[in-house]
4 protein chains.
Amino acid sequence: MQSDTKPRWERRKDARPQELLAAALDLFVDRGYAATRLEDVARRAGVSKGTLYLYFENKEELFKAVVRDNIVAVIGRAEIDVAAADSTSCNELLRAMLRRWWADVASTRASGLAKLMVAEAGNFPEIARFYNEEVISRGHALIGSIVRRGVERGEFMPVDPEMMTRVLTAPVTMLMLWAHSFDPCCGPVDAEAFLDTWLGLVERGMARPV
Amino acid sequence: MQSDTKPRWERRKDARPQELLAAALDLFVDRGYAATRLEDVARRAGVSKGTLYLYFENKEELFKAVVRDNIVAVIGRAEIDVAAADSTSCNELLRAMLRRWWADVASTRASGLAKLMVAEAGNFPEIARFYNEEVISRGHALIGSIVRRGVERGEFMPVDPEMMTRVLTAPVTMLMLWAHSFDPCCGPVDAEAFLDTWLGLVERGMARPV
Amino acid sequence: MQSDTKPRWERRKDARPQELLAAALDLFVDRGYAATRLEDVARRAGVSKGTLYLYFENKEELFKAVVRDNIVAVIGRAEIDVAAADSTSCNELLRAMLRRWWADVASTRASGLAKLMVAEAGNFPEIARFYNEEVISRGHALIGSIVRRGVERGEFMPVDPEMMTRVLTAPVTMLMLWAHSFDPCCGPVDAEAFLDTWLGLVERGMARPV
Amino acid sequence: MQSDTKPRWERRKDARPQELLAAALDLFVDRGYAATRLEDVARRAGVSKGTLYLYFENKEELFKAVVRDNIVAVIGRAEIDVAAADSTSCNELLRAMLRRWWADVASTRASGLAKLMVAEAGNFPEIARFYNEEVISRGHALIGSIVRRGVERGEFMPVDPEMMTRVLTAPVTMLMLWAHSFDPCCGPVDAEAFLDTWLGLVERGMARPV
DNA sequence: AATGAATGAGAGTTCATTCAT
DNA sequence: CATGAATGAACTCTCATTCAT
């Protein structure tokens, strides 16, 4: 369909943003915000420095776009599923959501964004607020609704749903953070075993019944 | 408390490295490694940019010194206490250690080190390994010994001590990280309520006994 | 007025260079050569950036074309009129020419060219020389011929016609320059009042006492 | 007093701003704002690019500083002299001021700023306003006060002082503009002859017949 | 003829590091 | 010891110009 002699623009405008976002995600995640050079992002996406600026206004906007691009769809789908799962036991639903979070986000490259946000929240309060509203709050609301339902139905102990939600999400978040901080240099955590242990604890606690 | 034989400026001189390390810790924690300007560190310590180089070879060495300097002896004391607390119930001991960690480290300025390490471990593998050995591993060993003892004595459910240790420490670690990332711009977490909820869950889980 | 044999887009095509020149004049006048972006010129002319290069080799050539294109035939007509006005009093003729200059050029958009040339003459000596020959010199010759005639006929004081010509044109030129520099941000000058004051001074200062 | 082996900083901090301002004036004047590279300014001042930023926040601030540095003192002194010259004839005073303006500003390198302001007023409305207030308005007020006094005393024809002031300053301003636009490529104007012609015209045109 | 995606040299700006004083 | 002026490499961002479509 096309001669291969001078493929100056092999790819299409439509694909560029995604290619750039993918490249940016990779580099931001493993070098951090400041250490990521836009020229490297461009090169990894197979374009030149200037091209990047056709699609993103500046480095900060690129960063925001990466954050947006890697979190919205996942949360959106999860919200729908939870709303539809009224008949499932809350315990089952909670376990399913936490495992799904792991499978869909935490075990993927996108988990690096969590570390990135922890690292850069101080430098980008605006993005931190954005991430808090679009990711953390929505995630908490999702888990929180399950906890609340479970408490109301008498499936769960009578706990403070807000706090319990933070507690419930913390270990999975830590799994994400380890993956992009200590794991690479101090050996990886066995995530499956960790999750099993964690979900077991959630279900029944540490104390041995007498 | 301090000998008065030395003239004032010499006493100042001895304090310089500590003042610089303190200033550097604050800024590294707030802004991350790359975004921290040495000029700001110097100014905060009340000296000039050039003076900093009399005490630290370069930015990287300063960073390493900050990490090394802030690995305090808290763990050492805790290790002794745990070894001595043979008669205490493991449940009590575990709760005590987690609360103590919170009180002595996580709620203090030193907690910033945790965020710093999570943020920069990828860029400083060597120092991450060092931190892992001196802090994380020792902390895990400490908590792990309690868990193992509890399991052996039949106080705790038969869990994998290694994994359970990671699980047990994760929420408190998250509390430290939040304090230096999202808290400043998205409102603080109520740490006391969080800890209570967390320790409650650890003891008995979510499921309501029938 | 225009043949309808050509289809619409071809008529458009013929108009393109003029549309581009008009857009370029506006922007060059407002922002100067360097600060004018070719993309803005193209957009203002309703075409794409690439199209501009079909008509002009590069930015410099566009600039030169703008200057050349805007050197209108006004002077030519004025030259004829002056030659024909042998019987008019030189004072009347001089006043008429200065007012006409104002009415036909200085008060119109074309006056921007003067500002542009003052601003960019240093960077484009070649085009400055061209402008000098085609506009300034001819304009000076025109006014100069009236002055010389007036002096010869004893209507005017015995002045140096060359110098007096420069003097006579300066205030009207300034009016043109103000219109495209300070007027937009510091409020416009009342041109009519200015001209009246100016011509009054000229009349009293030029006329030979009887 | 000082060995000449390693004269890394030959000049003092105190002298730097002036050296940089002088270099910047030269380059801004003959290349225009945009075409002046800060590296060239620095090199001409004998320092490196970075040093420039120790003294001026950015290019725009440097530009403003150049404008400020080259106009204030002159106008200030003239204001004092005019206020003190109450007994001089207004005609004499006016001629003296115009000649002095020529001698102190218009014939010097600083006159390039007038051209620069005309060229860049559109791009820097803020500086244009500043220049208008600090230079043009003050200059006009100065000349205007002489005109008004002359009219009141019956030395001058009954003219509108505001307008006449603009008229009176226009030719000298044009002299400044020519010097930095057409003169270099089309041959210089004989400023002395021009001024004589101009002042002659002014004298005859302003003086009230007895 | 027209488009607009792509390029890459070039300019402004920052900051770790040096060193004469 | 302490200073802070000076440096220059490195990075972000711009825009004239090209060229496949």
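No experiment lies behind these values; they were computed from the predicted model shown. Hydrogens, waters and symmetry mates are skipped; everything else that's a heavy atom, side chains included, is used.
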Participant: The side chain of D:Y53 lies closest to which of these nucleotides: F:dT18, E:dG12, E:dA1?
Facilitator: E:dG12

Participant: Could you tell me how far apart C:Y55 (OH) and F:dT17 (P) are, to the nearest whole angstrom?
Facilitator: 18 Å

Participant: Any side-chain heavy atom of C:F130 within less than 4.5 Å of one from C:I71?
Facilitator: yes

Participant: Round to the nearest Å and state the distance from D:F56 atom CZ to E:dG12 atom C1'.
Facilitator: 16 Å

Participant: How close or far is atom P of E:dA11 from atom CZ of D:F63, stated in whole angstroms?
Facilitator: 19 Å

Participant: Side-chain contact test, heavy atoms from C-beta onward, threshold under 4.5 Å: evaluate it for B:D30 versus B:T36 and give yes or no.
Facilitator: no

Participant: Would you kindly compare D:E60 and B:K49 by the position of their nearest DNA chain E nucleotide and give the one closer to the 5′ end?
Facilitator: D:E60

Participant: For a quick test of your reading: what N or O donor-acceptor pairs under 3.5 Å do the side chains of residues 63-70 of chain C make, sequence neighbours left out?
Facilitator:
from  : atom 1 : to     : atom 2 : distance (Å)
C:K64 : NZ     : C:E126 : OE1    : 3.3
C:D69 : OD1    : C:Q18  : NE2    : 3.2
C:N70 : ND2    : C:V66  : O      : 2.7

Participant: What verdict does the side-chain contact (heavy atoms from CB on, under 4.5 Å) test give for C:V29 and C:L113, after you've listed the backbone C-alpha separation in whole Å, the side-chain angles of each residue and the deciding distance to 0.1 Å?
Facilitator: CA-CA 7 Å; C:V29 166; C:L113 199 63; 6.0 Å; no

Participant: Rounded at 0.5 Å granularity, tell me how far CG in D:D40 sits from CG in D:L52.
Facilitator: 11.0 Å

Participant: Under a 3.5 Å cut-off on both pairing distances, which runs of 3 or more consecutive Watson-Crick or G-U pairs involve DNA chain E?
Facilitator: E:2-21 with F:2-21

Participant: Quick one: does B:L38's side chain get under 4.5 Å of B:L62's, heavy atoms only?
Facilitator: yes

Participant: Quick one: A:K59 NZ to E:dG12 P, roughly how many Å, whole number?
Facilitator: 21 Å

Participant: For C:M117 and C:A128, work out which heavy atoms get closest and say how close.
Facilitator: CE-CA, 3.6 Å

Participant: Round to the nearest Å and state the distance from D:L62 atom CG to E:dA11 atom C1'.
Facilitator: 15 Å

Participant: Rounded to whole angstrom units, what separation is found between the CZ atom of C:R43 and the P atom of E:dG4?
Facilitator: 11 Å

Participant: Do D:F124 and D:Y33 have ring centres separated by under 6.0 Å?
Facilitator: yes

Participant: Measure CG/D:L52 against P/F:dA5 and give the value in whole Å, please.
Facilitator: 14 Å

Participant: So does B:T51 get a side-chain nitrogen or oxygen closer than 4.0 Å to the phosphate oxygens (OP1/OP2) of F:dT3?
Facilitator: yes

Participant: How long is the line joining CD of B:E57 and C1' of E:dT18, in whole Å?
Facilitator: 14 Å

Participant: Under 4.0 Å, heavy atom to any atom of DNA chain E: which of residues 21-42 of chain A qualify?
Facilitator: none

Participant: I want to check something: taking the side chain as every heavy atom from C-beta on, are C:K115 and D:V118 in contact at a cut-off of under 4.5 Å?
Facilitator: yes

Participant: Compare the minimum distances between each of E:dT7, E:dA16, F:dA16 and the side chain of A:L54, then state the nucleotide with the smallest one.
Facilitator: E:dT7

Participant: For DNA chain F, whose closest nucleotide is more 5', that of A:G50 or that of C:N58?
Facilitator: A:G50

